[in-house]
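Can you read through this structure? Questions will come right after.
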Amino acid sequence: MKRYNPSDIEQKWQDKWEQDGTYEVDLTDSTKPKYVGFSMLPGITGAGIHIGHGRTFQFSDIKVRAKRQQGFNAYHPIGWDSFGLPVENYAIKIGKKPREAHDEALINFKKQLKRLGYSYDWSKETSTADPSYYRWTQWIFSQLYKHNLAYQKESPQWWCETDQTVLANEQVEAGKCWRCGNPVTKKNLKQWFFKITEYADEMLEATDDLDWTDMVKTMQKNWIGKSQGAEIDFTVENRDERITVFSTRPDTLFGATFLVLAPEHPLVMSLTNDETKETVEAYVEQAARQSEIERMNDTREKTGVFTGSHAINPTTGEKIPIWVADYVLAGYGTGAIMAVPAHDERDGAFAEKFKLPIVEVIEKPNHETARYDGEGILINSGAFDGMPTSEAREEIVAWLEQQSSGRTKTTYKMRDWLISRQRYWGAPIPIIHCDEHGAVAVPDDQLPVILPEVEDFKPKGGATSVLASVEDWVNTTCPTCGKPAKRETDTLDGYACSSWYFLRYIDPFNDTEAWSPDVAKHWQPVDFYNGADHAVAHLLYSRFWMRFFYKQGWVPDPEPFKRMMYNAYIMAPDGRKMSKSLGNVIDPMEIMDSGYGADSLRVYEMFIAPYDMDAPWDTRGVPGTYRFLNRVWTLAQEYIEGNEIEIDQKGVSEILAVAHKTNKKVTEDIEHDKFNTAVSSMMEAVNSYYKLKETYGIGKSEAWTVAIESLLQILAPFAPHITEELWHEVGHEQTIHVDAWPAWDEKYLVSDTMTIVVQVNGKLRATLRMPKDATKEEVETAVLAHANVTLVMGDKKPTKVIYVPGRLVNIVI
RNA sequence: GCGCGGAUGGCGGAAUUGGUAGACGCGAGGGACUUAAAAUCCCUUGUCCAAAAGACGUGCGGGUUCGAUUCCCGCUCUGCGCACCA
């Protein structure tokens, strides 16, 4: 008998698949239903992938492989996230140019992915740093610009001193840069933005209907952060200015005893007088200097200064002081608040510290002693006294509207997406600045704006990228008037490049359009998408672009990903998250090359835990799945080499029952992303077959043919090499990986007996086999006669007998 | 602080969503084969008790129910996300 040796078969089949184009998809073929699935675009930032990434990529591989076998025109595309900060930083680290560093790293990535046997269509490989790709990224930028969804604005922005670039809100994590982990500060710069807030409400509402992992949906919703409230105008004493604040609690307006402006608020300096000017100036300056981390580490002790001016509370007509404090954020609402110290914890802390008046306007429930921010009945609120807060919210706003000093308002936490980067390695923003015509989009026929080669690409600091010093590139002419003009020197955020790649995947060679809307109509949306990261930024950005494309009629659906599975991490043996920076990664090559091969690793990756649970890596698990595959191998060999045999009716039905049950279970488990139990049920099936072959023998017979062939088919997505090998050995010419999936027939799953669980007072006392058609009376009689039952019951009479048909009898005494 | 998860043997994890807790795998122990080892095959393996019978067992404390890992109330620990968002 031939022995199972992965190295004899894996390379052989990989070569054969490549040669035959087994996984290549004809994108114009509509004779079969389509299925497209893939995992998030891998970023090329280091030596290669570790087993955690491998698991992520494999989820989509299994899904697509199963569909391909089930008769779909199934497409598993692959591409590279090649532009952006991570690649550039990696290049700096290893002392090479980004393109060179990237291309070298890519060699190993591809080697790993190919060795793992993923069913990618390599003929359609895509890279975001390829001019034939970023030409269209730039084109999309121009389209957004034309539709007023891209704009330039000067405002304080997150700045990473280490990476020498601005960052989008989504790329600042707890006050630190997402790449280098160093604290960020704010810098006032003129920057390019995408108006993602335009679709905030639409995206928020669409979120609930997505078939996505709930946690990600929640994170998206929180990030969009919708709150409904009102804008309220406060007049400033002895001045013409008005200060507008945003509040979700207009019902507490009578309790507003002071106003607070963010240090960055434009009116701050004009509200000062000779006495306060210096103090306020110093405070504002100090706030600007502080990084977000420092602000947060202040143990939240409130700081602030009085401006010297007063505003008028529109309800009470009272004079209330205007303060400046950094607990008010410039970027949210109007950058100014009305402080209601009695009913807001932060305002209360501030008022206590600076001895500002506190007026209660909501009656506290009896048990509340602390500051109360809940609902209740209004007090000290003039005509609104006695009104419940929910009603007062509307009534007070209505009253303000009458006075034209307020209006209802919805605010979002999400800010517009800042997309300029002062870095070299990215798609140049396709804009030309002309003295006469301002920012002019580079005409479509002049795209791509090629990123010029430079000797030293490293950031030089300041507010521009190194492109600013490439004079013959920067100096150009205005597309509108032909006069000398200068190119925009910022590059696009790498996240922009990866916000539409799924559309390029379905039309990768199109050189007249980014993609064909007709092709999109067939192939969009993506059926399956997964990843272990980017729960907010990438997904939000992609949804924003997609919504824009949808409004232009370029795609059939406003959502890019029908199904998004957010999978968990593999933890390193040291209990920490596996990561290159911690030096605890495990390279899949090591495991495969130590003799176990790709299939054993693949099966273990799926078997280790449910997809959404972090799983600690245990290297001893791979020999376990190797043993399983070895048992499959042996079983198949015994079948192939066995003689023709006769099996009696009982044996046939037992063998077929296992086969059909397992076919059903594995098919359903894959559909529901329960890959771990799919594997275990195949293990169970093999264990059963081992017992059955002891009893009935194994060899050529109809039942064994069904058992062996269907086992190979359902195992194929998990272990594509061994199953292909055996599939041919049992006599098939065609590959197992296309159009080969077993059906199941429920008639083989029903047994003619049932197992009745016998309980007395809810405690298990016995199990009983009964014919399937036994009546309630027959079952109960048999149960009451059972020795274990009579023993426990003694001479007591049952007060109640509960019968769950076909399942259980519980006797209550 | 707020939001969303999780907690089951020595370990990773199953359990038809209220009906036999611990499937499957790892580890451990025993046996077969072998001169021997590896590989392979078979058996045992939640805890207590010498064993049987039995009792106890799904983070903790209550509750609902004939019956709770599953539902409800109150906690503890832990992972993740957001973090002064008015």
Side-chain angles (χ1 to χ4, degrees), chain A residues 3 173-175 213-219 221-223 225-227 229 245-249 252 256 260 292 295-296 298 300 302 325-329 331-340 343-347 349-350 373 411-415 535-536 566 568-569 571 577 603-604 607-610 612-625 627-628 630-631 634 665 674 676-687 690-691 694 755-767 788 791-792 798-804 806-813:
Chain A
R3 287 192 56 181
E173 297 166 350
T213 303
D214 283 336
M215 182 181 60
V216 177
K217 292 193 342 186
T218 310
M219 281 162 73
K221 285 196 273 187
N222 290 346
W223 190 266
K226 180 178 184 168
S227 37
V245 304
F246 173 72
S247 173
T248 53
R249 294 299 299 272
T252 62
V260 189
E292 188 71 358
R295 277 201 196 182
M296 281 163 55
D298 270 350
R300 300 213 182 162
K302 297 277 183 291
D326 66 5
Y327 83 90
V328 175
L329 306 175
Y332 184 73
T334 60
I337 61 153
M338 63 175 209
V340 184
H343 304 291
D344 180 279
E345 196 175 323
R346 295 149 305 180
D347 298 343
F350 194 81
D373 61 4
T411 309
Y412 300 90
K413 276 201 236 178
M414 183 170 71
R415 320 291 158 79
V536 174
Y566 193 73
Y569 295 112
M571 310 302 277
K577 194 176 141 183
V603 173
Y604 182 58
F607 181 60
I608 185 168
D612 57 352
M613 212 184 275
D614 285 337
W617 183 257
D618 181 359
T619 311
R620 287 178 304 197
V622 179
T625 49
R627 269 195 280 278
F628 161 64
N630 206 6
R631 280 162 72 80
T634 304
K665 170 81 173 147
K674 293 168 79 174
N676 58 326
T677 50
V679 172
S680 64
S681 61
M682 288 186 281
M683 289 173 166
E684 270 183 89
V686 170
N687 291 347
Y690 267 65
K691 292 211 168 71
E694 284 309 304
T755 304
I756 300 293
V757 172
V758 181
Q759 296 180 337
V760 177
N761 286 340
K763 276 198 167 67
L764 176 73
R765 293 298 168 186
T767 58
N788 289 9
L791 192 73
V792 176
T799 58
K800 201 172 177 184
V801 177
I802 287 146
Y803 177 55
V804 182
R807 191 163 276 173
L808 166 143
V809 173
N810 189 15
I811 299 159
V812 187
I813 51 173

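All chains are named by letter (A, B, ...) in the order of the sequence lines, taking the proteins before the strands, and each is independently numbered beginning at 1.
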>> In this structure, how many angstroms lie between the C1' atom of B:G12 and the CH2 atom of A:Trp617, rounded?
In response: 12 Å
> Could you write out RNA chain B as a dot-bracket string, with dots for unpaired bases, | for bases paired across to another strand, and Watson-Crick or G-U pairs counted at under 3.5 Å?
Replying inline: (((((((..(((......[....)))((((((.......))))))(((.....)))..(((((..]....))))))))))))....
>> Of the options B:A86, B:A14, B:G25, whose atoms approach the side-chain atoms of A:Asn687 most closely?
In response: B:G25
> If you look at every strand shown and take non-hydrogen atoms under 4.0 Å, does A:Gly624 touch a base, only sugar-phosphate, or nothing?
Replying inline: sugar-phosphate
> Only one of A:Val260, A:Val245, A:Thr334 forms a side-chain contact (heavy atoms from CB on, under 4.5 Å) with A:Val328, so which one is it?
Replying inline: A:Val260
>> Looking at the base of B:C82, is there any donor atom on it, or on the side chain of A:Lys413, that sits under 3.5 Å from an acceptor on the other one?
In response: no
>> Any base atoms under 4.0 Å from A:Arg807, or only sugar-phosphate, or nothing? Heavy atoms, all strands.
In response: base
>> Does B:C42 have its OP1 or OP2 closer than 4.0 Å to a side-chain nitrogen or oxygen of A:Arg631?
In response: yes
>> Tell me whether the side-chain N or O atoms of A:Gln759 pair up with the base of B:G19 as donor and acceptor below 3.5 Å, since no angle test is needed here.
In response: yes
> With sugar-phosphate meaning primed atoms plus P, OP1 and OP2, does A:Val757 contact a base, only sugar-phosphate, or nothing at under 4.0 Å between heavy atoms?
Replying inline: base
> Just by distance, do the side chain of A:Asp618 and the backbone of A:Arg620 share a donor-acceptor pair under 3.5 Å?
Replying inline: yes
>> Just to be sure I understand the rule, does A:Ile608 reach a base, reach only the sugar-phosphate, or reach nothing, if contact means heavy atoms closer than 4.0 Å?
In response: sugar-phosphate
> Within the structure shown, what part of the strands sits under 4.0 Å from A:Asp347 by heavy-atom distance: base, sugar-phosphate, or nothing?
Replying inline: nothing
> Looking at A:Ser227, does any N or O in its side chain come under 4.0 Å of the phosphate oxygens OP1/OP2 on B:A86?
Replying inline: yes
> How are the rings of A:Trp617 and A:Tyr604 set relative to one another: parallel (under 30°), tilted (30 to 60°) or perpendicular (over 60°)?
Replying inline: perpendicular
> Does OP1 or OP2 of B:U40 have a side-chain N or O of A:Arg3 closer than 4.0 Å?
Replying inline: no
>> Just N and O in the side chain of A:Tyr332: are any of them under 4.0 Å from OP1 or OP2 of B:A86?
In response: yes
>> Here's a test of your reading of the structure: between A:Gly225 and A:Asp214, which maps to the more 5' nucleotide of RNA chain B?
In response: A:Asp214
> Glycosidic conformation of B:G31, syn or anti, with 90° from 0 as the boundary?
Replying inline: anti
> Which of the following nucleotides, B:U40, B:C43, B:A55, is nearest to the side chain of A:Arg627?
Replying inline: B:U40
> Under 4.0 angstrom, heavy atoms only, what part of the nucleic acid is A:Lys226 near: base, sugar-phosphate, or nothing?
Replying inline: nothing
>> Given the structure, check if the side chain of A:Arg765 and the base of B:U20 hold any donor-acceptor pair shorter than 3.5 Å.
In response: no
>> Check this one for me: any side-chain N or O of A:Lys665 less than 4.0 Å away from OP1 or OP2 of B:A23?
In response: no
> Reckon A:Asn630 has a side-chain N or O less than 4.0 Å from the OP1 or OP2 of B:A39?
Replying inline: no
> NA contact type, A:Pro610, heavy-atom cut-off 4.0 Å: base, sugar-phosphate, or nothing?
Replying inline: sugar-phosphate
> Touch check for A:Asp614, heavy atoms < 4.0 angstrom, all strands: base, sugar-phosphate only, or nothing?
Replying inline: sugar-phosphate
> Under the rule syn = chi within 90° of 0, otherwise anti, which is B:U40?
Replying inline: anti
